[in-house]
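Just below is one structure, and these are the notes that go with it.
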Amino acid sequence: MKVSNRPTRVAFLVWTLAVKLVLCGIGVSASNNTKNCRLYSESKSERKVLSRLEPLTNKNITAETKNGKESYTYVFQLCGDAGGVQGAGLIQVDSKSETPKPTIIGSYNATQAIGGSDWIMLIYRNGDKYDGHCSKENRKAIVMISCNRKTEMGPLEVILEDRDRKEDCFYLFELDSSVVCPVLQSHLSIGSIILIIGFCLLAVYLIGGFLYQRLVVGAKGMEQFPNYAFWVEVGNLTADGCDFVCRSRNRDEPPRYRGVSTEPLEDEPEERDDHLLPM
Ligand SMILES: *[C@@H]1O[C@H](CO)[C@@H](O)[C@H](O)[C@H]1NC(C)=O
Ligand SMILES: *[C@@H]1O[C@H](CO)[C@@H](O)[C@H](O)[C@H]1NC(C)=O
Ligand SMILES: *[C@@H]1O[C@H](CO)[C@@H](O)[C@H](O)[C@H]1NC(C)=O
């Protein structure tokens with residue numbers, strides 16, 4: 001009974017492997033959160049770029065900066081309320097302040113998404129107005145997301161706040177992520193494809209042979225294995241070959257032992273014949 005279970009188990013393994021491969025290929029993505037972003041100017045190509053970032057949604061990503069006495073915490077969320085502030089995609093909180101009031105750097109209802117093969121630049125406009133700088137325009141956040149296969153989402157880094165000019169000021173951030181990396185053509189090398197095909201053929205051979213031996217020939221026990229006698233023979237021949245190649249003692253032995261050592265050799269063919277008999 002134990003032996004007859006083995007081909008079934010092999011078939012089960014092949015089946016689960018196949019299912020896994022199919023699932024990997026399709027790459028199921030269930031959520032739809034980037035839809036919450038409203039584009040500054042609706043466009044299909046920008047939607048497509050934005051949807052590449054779907055795995056990064058629903059996460060508060062924080063960064064901290066220290067500059068002398070000033071210390072700020074930034075919270076970024078993709079198409080969701082950053083730090084729970086409604087409508088804000090990126091906020092700044094004064095860490096030193098006792099009653100921290102978040103400043104909105106950018107809103108996700110004014111999003112722009114520009115992308116290349118291994119990067120995406122995300123722009124949130126419509127932040128809170130500057131108090132004195134930049135002609136008191138609305139703040140704007142630019143988040144540069146670059147491909148890094150080593151991490152799904154690296155730390156958010158604050159690069160600079162460019163506000164010493166008349167207009168078009170911005171806060172610049174950087175984020176490493178594997179989700180913007182180009183899709184690899186095939187995860188399988190030729191070697192592993194050959195291996196999988198060989199594995200499947202072996203399974204077909206084992207299962208088919210097993211069924212044939214059991215149902216057509218009516219074999220029982222170990223003989224249900226396809227070509228059982230042949231494989232036993234192969235095993236014995238391999239063992240003989242190994243014995244011949246690897247064992248050094250026979251050749252170096254003094255002549256008087258030769259008679260003794262040849263005896264087992266003569267025995268072996270008989271042993272092999274024993275296995276052939278049931279055929
Ligand atoms: C995502 O949203 C679009 C439109 O809102 C809808 O047609 C689509 O079925 C949604 N997809 C999923 C996976 O929820
Ligand atoms: C983000 O942070 C806010 C405030 O801390 C919290 O209310 C919200 O649930 C967080 N969102 C996620 C997705 O972690
Ligand atoms: C985005 O939302 C803010 C407040 O939540 C609003 O003042 C602003 O007009 C909105 N912007 C756009 C482009 O809809």
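Start at 1 and go down the list; that is how both ligands and their atoms are numbered. Just so it is clear, the model here is predicted, and its values are computed rather than measured.
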Exercise. Quick check: does N60 get an N/O under 3.5 Å from an N/O on ligand 2?
Worked result: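 By distance alone, the answer is yes.
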Exercise. Quick one: are the ring centres of F76 and F173 less than 6.0 Å apart?
Worked result: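 Here the rings of F173 and F76 have centres that are no less than 6.0 Å from each other.
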Regarding [X] and [Y], is there a side-chain donor-to-acceptor distance under 3.5 Å anywhere?
X	Y	result
S107	N126	no
E223	Y228	no
E54	T34	yes

For this session: Spell out, yes or no, whether Y171 and I104 are grouped together once hydrophobic residues are joined by side-chain heavy atoms under 4.5 Å, including indirect joins.
Result: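 Different hydrophobic clusters.
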Exercise. In terms of residue, atom name and distance, what is the protein heavy atom nearest to atom 7 (O) of ligand 2?
Worked result: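 For atom 7 (O) of ligand 2, the nearest protein heavy atom comes out as G84 CA, 4.5 Å.
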Exercise. Going by the atom numbers of ligand 2, which of them fall below 4.0 Å from some non-hydrogen atom of G83?
Worked result: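 The atoms of ligand 2 under 4.0 Å from a heavy atom of G83 are 2 (O), 3 (C), 4 (C).
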For this session: Go through ligand 2 atom by atom and flag the ones less than 4.0 Å from a non-hydrogen atom of N58.
Result: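 Within the 4.0 Å cut-off of N58, ligand 2 contributes 13 (C).
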Exercise. For atom 11 (N) of ligand 2, is some protein heavy-atom partner under 4.0 Å away?
Worked result: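 Flag for atom 11 (N) of ligand 2 set to true, protein heavy atom closer than 4.0 Å.
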